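Everything numeric in this text was worked out from a predicted model, so none of it was measured. These values consider heavy atoms only, across backbone and side chains, with no hydrogens, waters or symmetry-generated copies.
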Amino acid sequence: MRLGPLILMIMGIAIGGWVLTTWMRIKNGYPLDGAWGQAVYPRTSNETIERVKLLSQENAQLRAELGSMKDRLATVERIVTDSGHLLDQEIERLRGPAN
């Protein structure tokens, strides 16, 4: 019986699959695990934590800006689609009471 070449082929496929999955995890930014499940890469550091905080703050600012832009766009759309008479009334209401 020739089991040697079959065993070598199965081992080669298993090692090749392990290398391929590890490469794909690294390429796509997934953390790598050690033999007992501990994180090997990327390691969390103070620099990484600080960067996440800064990105979270920037994300919150951008979301607030996007919200105000949506409100402004809705106002412009309403002005464009309203009839002329309603537009005149809205402008006069925004000006306030006549002095």
Query raised in the report: Going by heavy atoms in the side chains, are Met24 and Lys27 under 4.5 Å from each other?
Result: no
Requested in this report: Give, for atom OG of Ser56 and atom CG of Leu54, the distance between the pair rounded to the nearest 0.5 Å.
Outcome: 8.5 Å
Query raised in the report: At what distance, to the nearest 0.5 angstrom, does CG of Leu62 lie from CD of Gln57?
Result: 12.0 Å
**Report entry** CG on Leu8 to CG on Leu3, rounded to 0.5 Å
**Finding:** 11.0 Å
Query raised in the report: Does the side-chain contact (heavy atoms from CB on, under 4.5 Å) test come out yes or no for Glu92 and Arg95, once each step is laid out?
Result: CA-CA 5 Å; Glu92 291 303 320; Arg95 285 186 183 162; 3.0 Å; yes
Query raised in the report: Taking atom CG of Leu20 and atom CD1 of Ile13, what is their separation to the nearest 0.5 Å?
Result: 12.5 Å
Query raised in the report: Does atom CZ of Arg51 have more than 12 heavy-atom neighbours from other groups under 6.0 Å away?
Result: no
Report task. Show your working on side-chain contact (heavy atoms from CB on, under 4.5 Å) between Leu55 and Glu58 and close with a plain yes or no. Result -> CA-CA 5 Å; Leu55 288 173; Glu58 182 183 9; 3.9 Å; yes
